[in-house]
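So you know, we letter chains A, B, ... as the sequences are listed, proteins then strands, and number each from 1. This structure is a prediction, so every number in the text was calculated from the model and none was measured.
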Amino acid sequence: MLQLSVLKEQTAQVLAGLAKRNYKTAEVDVQAILTLDQRRRALQTQHDQAQSEANELARQIGGLMKSGDRAGADALKIRTAELKTQIRAHSDELTAVEKGQTELLYKLPNIPHESVPPGRSANDNEVVREGGSKPELPAGSLPHWDLIKKYDIIDFELGIKITGAGFPVYKGQGARLQRALVNFFLDEARDAGYTEIQPPILVNEASGYGTGQLPDKEGQMYHDAADNLYLIPTSEVPITNLYRDEIIPVERLPVRNTGYTPCFRREAGSWGADVRGLNRLHQFDKVEIVQITQPDNSYAAHADMVAHVERLLQKLELPYRVLRLCGGDMGFTSALTYDLEVWSAAQGRWLEVSSVSNFETFQANRLKCRYRAEGGKTQLLHTLNGSALALPRIVAALLENNQSPEGIRLPAALHSYCGFEKIG
RNA sequence: AGAGAGGUGGCAGAGUGGUCGAAUGCGACGGUUUCGAAAACCGUUAUACCGGCAACGGUAUCGGGGGUUCGAAUCCCCCCCUCUCUACCA
């Protein structure tokens, strides 16, 4: 959620930012919020004044009652009754105005960072750099959904039987590779200074609102109605919500956390040609890195996180590229997002394996995640997160890119983690 | 899941209708003292919103919501959570 103060003080920049996102009703929405804000403040003032008078009268009545002057007390109660209905009316309208204002504020996406290119879709994203080199596949090479059958390492049919489509069963070397990747990613993150967290994978409603999954993306999460809990779509949700309603001592900043969790996404209605095999799943594994920093440091932290993810891809010997997302393709809550994609040789396409975002104060505002700035004033922090990394598409690329008649060669970095050097 | 107890400031812990944002203790911060430190003493010690250039003033907040009352941390109702015992269980 954008800060009201920013909307008021930097209206022009906000409008320009919303335009970069192709947000249609920016002028109208922003104006409506500012109008409601004037009304809100007027009401607040009136309400507080009436309340103040009522409090004073209550004190006087108390004194009169004590001295036995019942008639005097009753006389004051006439005014008190008046004030009471007045206060009620003010506070009712105040509640309504605040609700309207918050609803409008919830609709507004984050303002893009100045480096974000304009654009409407994924086609307008900017390729920042590429790394590694694409392999030449021998004739008869297979896409990963055939390779997993050939080596019997991932079974979709079994998953369908026991759960449903999009819930694969990893077997044998396939299962061990999952475990190896998780450990590899966690160790790398720890070596980079991140603290490992193992959070709950069900979260309550307040957490969903805190990181922005609610109210807009309700349908994308699995919901346990009996207890009103949500299965997390990413460990960003619990790990960032750890700091909800906190004023973090400066000496504990920046917060740098990592965590492995399974992630659950309903992705309703998004099945099609591009989602075969491991490309898109309802349940998958991911290691996440999260940082919470002071405002001045967040873009340096963001660059650090991108560099960390790049290092992982280099160690995995996968060809990759780094994209700066355009205004039209960025997530609702993000101010700057770099996507990292790996080349999936048999499919002949790039697959997104990480998304590293700086949310600036957008999440922190909802989370009420603050620190005490110089001079003692509380100030919102910046939150950031990135995948480091999501497993399924990494596995798809490893399988496809490294296939040969002798089996699937694994990068050296994984040998000790797997306990084997090739699949098959 | 059943029975009971309870949720108060950074922590501990008073407070059962009136000036209580809340005693007291601890911790933290500033000062006096000291060569320095400890101890001692003095002072400060929440968050949010409204008004104000500011100093400052006002309002709200004692798990959450509603109610009674001129007035609620205190009384009533609903919900959430924690603890103890029992049941169950990795």
K.L.:
Under a 3.5 Å threshold, yes or no: a donor from one side chain and an acceptor from the other, between A/Ser52 and A/Asn55?
P.N.:
no
K.L.:
How many whole angstroms separate atom CG of A/Leu4 from atom P of B/rC50?
P.N.:
8 Å
K.L.:
Looking at A/Arg370, does any N or O in its side chain come under 4.0 Å of the phosphate oxygens OP1/OP2 on B/rA48?
P.N.:
yes
K.L.:
Go ahead and name the base partner of B/rC89; Watson-Crick or wobble counts if both distances stay under 3.5 Å, otherwise write none.
P.N.:
none
K.L.:
My understanding is that a pair needs two contacts under 3.5 Å, Watson-Crick or G-U wobble. By that rule, which nucleotide pairs with B/rA72?
P.N.:
none
K.L.:
Separation of A/Lys377 atom NZ from B/rU47 atom P, in whole Å?
P.N.:
10 Å
K.L.:
Roughly, in whole Å, what's the span from NZ in A/Lys66 to P in B/rG71?
P.N.:
17 Å
K.L.:
Whole Å only: how far is the CG atom of A/Leu229 from the P atom of B/rC80?
P.N.:
13 Å
K.L.:
Going by side-chain hydrogen bond (donor to acceptor under 3.5 Å, both in side chains), A/Thr361 matches just one of A/His382, A/Gln3, A/Arg370. Which one?
P.N.:
A/Gln3
K.L.:
Figure out the NE2/P separation between A/His90 and B/rC50, and round it to whole Å.
P.N.:
16 Å
K.L.:
Now, which nucleotide makes the Watson-Crick or G-U wobble pair with B/rG17, with each of the two distances under 3.5 Å?
P.N.:
none
K.L.:
Provide the Watson-Crick or G-U wobble partner of B/rA55, both distances under 3.5 Å; none if there is no partner.
P.N.:
none
K.L.:
Closer than 4.0 Å, any side-chain N/O of A/Arg372 to the OP1 or OP2 of B/rA28?
P.N.:
no
K.L.:
Is any side-chain nitrogen or oxygen of A/Arg41 closer than 4.0 Å to OP1 or OP2 of B/rG51?
P.N.:
yes
K.L.:
Measure the acute angle between the ring planes of A/Tyr230 and A/His223, then classify it against the limits of 30° and 60° as parallel, tilted or perpendicular.
P.N.:
parallel
K.L.:
Once you round it to whole Å, what is the distance between P of B/rA48 and CG of A/Leu94?
P.N.:
18 Å
K.L.:
Is any side-chain nitrogen or oxygen of A/Lys84 closer than 4.0 Å to OP1 or OP2 of B/rG71?
P.N.:
yes
K.L.:
Please find out if less than 6.0 Å separates the ring center of A/His302 from that of A/Tyr338.
P.N.:
yes
K.L.:
Is the shortest side-chain N to carboxylate O distance from A/Arg41 to A/Asp37 below 4.0 Å?
P.N.:
yes
K.L.:
Suppose we define a pair by two distances each less than 3.5 Å, Watson-Crick or G-U wobble; what does B/rC41 pair with here?
P.N.:
B/rG31
K.L.:
For atom C1', what is the distance between B/rG66 and B/rA14, given to the nearest Å?
P.N.:
28 Å
K.L.:
May I ask you to test the A/Met1-A/Tyr106 pair for a side-chain heavy-atom distance under 4.5 Å?
P.N.:
yes
K.L.:
Within this structure, what is the CG-to-P distance between A/Asp245 and B/rG10, rounded to whole angstrom?
P.N.:
13 Å
K.L.:
Report yes if at least one side-chain N or O of A/Arg40 is closer than 4.0 Å to OP1 or OP2 of B/rC50; otherwise report no.
P.N.:
yes
K.L.:
If B/rA22 has a Watson-Crick or G-U wobble mate with both distances under 3.5 Å, name it; if not, just say none.
P.N.:
none
K.L.:
Need the pair for B/rA46. Rule: Watson-Crick or G-U wobble, both distances under 3.5 Å, any strand; none if unpaired.
P.N.:
B/rU61
K.L.:
Take atom P in B/rG18 and the same atom in B/rC85, then report the distance between them in whole Å.
P.N.:
37 Å
K.L.:
Which listed nucleotide (B/rU47, B/rC50, B/rC70) is nearest to the side chain of A/Thr45?
P.N.:
B/rC50
K.L.:
Regarding A/Ile247, tell me which of base, sugar-phosphate or nothing describes its non-hydrogen contacts under 4.0 Å with the strands shown.
P.N.:
sugar-phosphate
K.L.:
Salt-bridge test for A/Lys149 and A/Asp146: reply yes if a basic N is under 4.0 Å from a carboxylate O, no otherwise.
P.N.:
no
K.L.:
Parallel under 30°, tilted from 30 to 60°, perpendicular over 60°: which one fits the rings of A/Tyr194 and A/His308?
P.N.:
tilted
K.L.:
Counting only Watson-Crick or G-U wobble pairs whose two distances fall under 3.5 Å, which nucleotide matches B/rA5?
P.N.:
B/rU82
K.L.:
Would you mind reading off the distance between A/Asp69 atom CG and B/rC70 atom P, rounded to a whole angstrom?
P.N.:
17 Å
K.L.:
Please compare A/Thr80 and A/Thr378 by the position of their nearest nucleotide in RNA chain B and report the one closer to 5'.
P.N.:
A/Thr378
K.L.:
Looking only at atom C1', what distance separates B/rC81 and B/rC41, rounded to whole Å?
P.N.:
43 Å
K.L.:
For each nucleotide in nucleotides 58-67 of chain B, reading 5' to 3', give B when a protein heavy atom comes within less than 4.0 Å of its base, S when such contact involves only the sugar-phosphate, and - otherwise.
P.N.:
BSS------S
K.L.:
Is A/Glu103 salt-bridged to A/Lys107, cutoff N-O under 4.0 Å?
P.N.:
no
